[in-house]
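Computed from a prediction, not measured in an experiment: that's the story for all the values here.
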Amino acid sequence: MNGLSVSELCCLFCCPPCPSRIAAKLAFLPPESTYTIVPELDPGPGGGGSSAAILHGGAGAPGHWKLHLTDRADFQYTQRELDTMEVFLTKSNRGNRISCMYVRCAPGARYGISPENIILYGQSIGTVPTVDLASRYECAAVVLHSPLTSGMRVAFPDTKKTYCFDAFPNIEKVAKITSPVLIIHGTEDEVIDFSHGLALYERCPKAVEPLWVEGAGHNDIELYSQYLERLRRFISQELTSQRN
């Protein structure tokens with residue numbers, strides 16, 4: 001989280017508060033990018049493989065984009081994995097371009113998946129749109145990985161209530177989720193304290209047995225064997241038994 005000085009706090013909360021500005025101040029700093037989105041160019045008459053131009057150069061066909069990982073990336077996708085990804089750009093209300101990626105289980109996976117077959121998964125600040133969506137629409141299940149209760153509670157741990165200008169009010173919306181919810185959190189989380197996961201679990205009426213990973217931090221839960229074991233049991237056993 002970004003640190004806030006006294007002057008910045010006064011500016012934010014006394015001028016009067018602006019939700020979008022507060023959200024920007026409390027947002028997590030993204031890591032250095034290890035990927036680029038490049039447009040695919042039509043090969044033209046005569047066939048041949050498609051070529052690509054860097055995002056800021058050339059004009060590729062609208063909607064035809066592909067993912068390019070730099071040498072700094074921790075891992076590289078295989079061509080088979082790249083074939084399952086559909087990359088596209090969208091615009092926010094402010095006109096900012098946002099890159100999106102749709103990943104199919106297999107290259108020929110069908111579209112039009114019904115809500116009862118969709119599992120929403122959110123991690124860290126990504127739990128905010130996940131909780132918001134799940135609070136408004138029913139789905140197969142929801143997984144909240146290292147979730148936060150609210151932005152103000154992360155920035156100021158002594159916060160006891162949710163303010164109207166808090167753009168990340170998970171604690172208020174999680175009670176409205178009607179789908180099964182699995183909460184995962186590391187007990188030694190250095191970014192979002194473990195207490196956030198506990199509070200959401202206690203507030204969520206549809207929560208299943210949570211996974212508290214002893215000794216795990218904010219970004220290493222996937223390295224613990226119980227992580228995949230719990231996900232597998234949740235999806236292949238618990239959800240299946242509920243449907244039957």
Side-chain angles (χ1 to χ4, degrees), residues 1-13 17-32 74 119-135 141-177 179-231 233-234 238:
M1 302 295 289
N2 288 334
L4 297 178
S5 65
V6 174
S7 61
E8 287 175 322
L9 284 174
C10 292
C11 183
L12 286 175
F13 297 112
C18 173
S20 61
R21 188 178 177 190
I22 290 175
K25 288 289 184 181
L26 297 180
F28 290 94
L29 290 173
E32 183 181 359
D74 291 336
I119 297 177
L120 300 178
Y121 192 115
Q123 180 176 359
S124 189
I125 201 171
T127 61
V128 176
T130 300
V131 168
D132 178 71
L133 185 61
S135 69
V142 180
V143 180
L144 302 179
H145 179 149
S146 304
L148 63 155
T149 52
S150 74
M152 289 297 294
R153 286 175 173 86
V154 175
F156 309 102
D158 293 331
T159 301
K160 301 301 182 183
K161 66 177 182 178
T162 304
Y163 293 91
C164 62
F165 50 75
D166 195 324
F168 313 132
N170 276 353
I171 193 69
E172 304 301 327
K173 296 182 179 181
V174 74
K176 301 176 183 178
I177 299 178
S179 308
V181 179
L182 169 62
I183 298 177
I184 302 172
H185 215 120
T187 61
E188 301 299 324
D189 195 318
E190 72 285 3
V191 177
I192 300 176
D193 191 79
F194 174 53
S195 60
H196 288 253
L198 281 172
L200 289 171
Y201 172 70
E202 294 170 353
R203 192 73 172 265
C204 182
K206 298 292 288 184
V208 300
E209 178 187 351
L211 174 62
W212 309 135
V213 185
E214 190 70 32
H218 191 67
N219 296 308
D220 61 353
I221 287 180
E222 298 91 335
L223 302 180
Y224 290 75
S225 61
Q226 57 264 49
Y227 166 74
L228 286 179
E229 292 170 2
R230 184 67 187 95
L231 282 178
R233 179 159 58 91
F234 178 54
E238 297 172 20

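Among all heavy-atom pairs drawn from Thr127 and Gly122, the shortest one is CG2-O, 3.3 Å. Contact between Pro205 and Val174 at its shortest, heavy atoms only, is CD-O, 4.2 Å. Closest heavy-atom contact between Val208 and Tyr201: O-CE1, 3.3 Å. Considering all non-hydrogen atoms of both residues, Leu182 and Pro210 come closest at CD1-CA, 4.1 Å.
Under the 4.5 Å side-chain criterion, counting only non-hydrogen atoms from C-beta, Tyr227 is not in contact with Val213. Counting heavy atoms from C-beta outward, Asp193 and Pro157 have side chains that stay 4.5 Å or more apart. Side-chain contact between Asp189 and Ile221: absent, with no pair of heavy atoms (C-beta onward) separated by less than 4.5 Å. The shortest side-chain heavy-atom distance between Val143 and Phe234 falls under the 4.5 Å cut-off. At a threshold of 4.5 Å between non-hydrogen side-chain atoms, the residues Leu133 and Val142 do not count as touching.
Remark: Ser150 OG to Glu172 CD distance equals 8.0 Å, nearest 0.5 Å. Remark: Glu202 CD to Ile171 CD1 distance equals 8.5 Å, nearest 0.5 Å. Between the NE2 atom of His145 and the CG atom of Leu211 there is a distance of 9.0 Å, given to the nearest 0.5 Å. Ile183 CD1 to His196 NE2: the interatomic distance, rounded to the nearest 0.5 Å, is 12.5 Å. Between the CD1 atom of Ile125 and the CD1 atom of Ile192 there is a distance of 8.0 Å, given to the nearest 0.5 Å.
In this structure, Asp220 contributes its side chain and Gly217 its backbone to a donor-acceptor pair below 3.5 Å. Distance alone, capped at 3.5 Å, places no donor-acceptor pair between the His218 side chain and the Glu190 backbone. Panel note: side chain Thr187, backbone Gly215; a donor-acceptor pair is recorded below 3.5 Å. A donor-acceptor pair under 3.5 Å is formed between the side chain of Asn170 and the backbone N or O of Leu148. With hydrogens and angles ignored, the 3.5 Å screen pairs a side-chain donor or acceptor of Arg230 with a backbone N or O of Glu209.
Between His185 and Trp212, the ring planes are tilted. Angles from 30° to 60° get that label.
With sequence neighbours excluded, the residues satisfying side-chain hydrogen bond (donor to acceptor under 3.5 Å, both in side chains) with Asp132 are Arg136, Lys173. With sequence neighbours excluded, the residues forming a side-chain contact (heavy atoms from CB on, under 4.5 Å) with Thr159 are Met152, Arg153, Phe156, Tyr163, listed by chain and number.
Around CD of Glu214, the count of heavy atoms belonging to other residues, nucleotides or ligands within 6.0 Å does not exceed 12.
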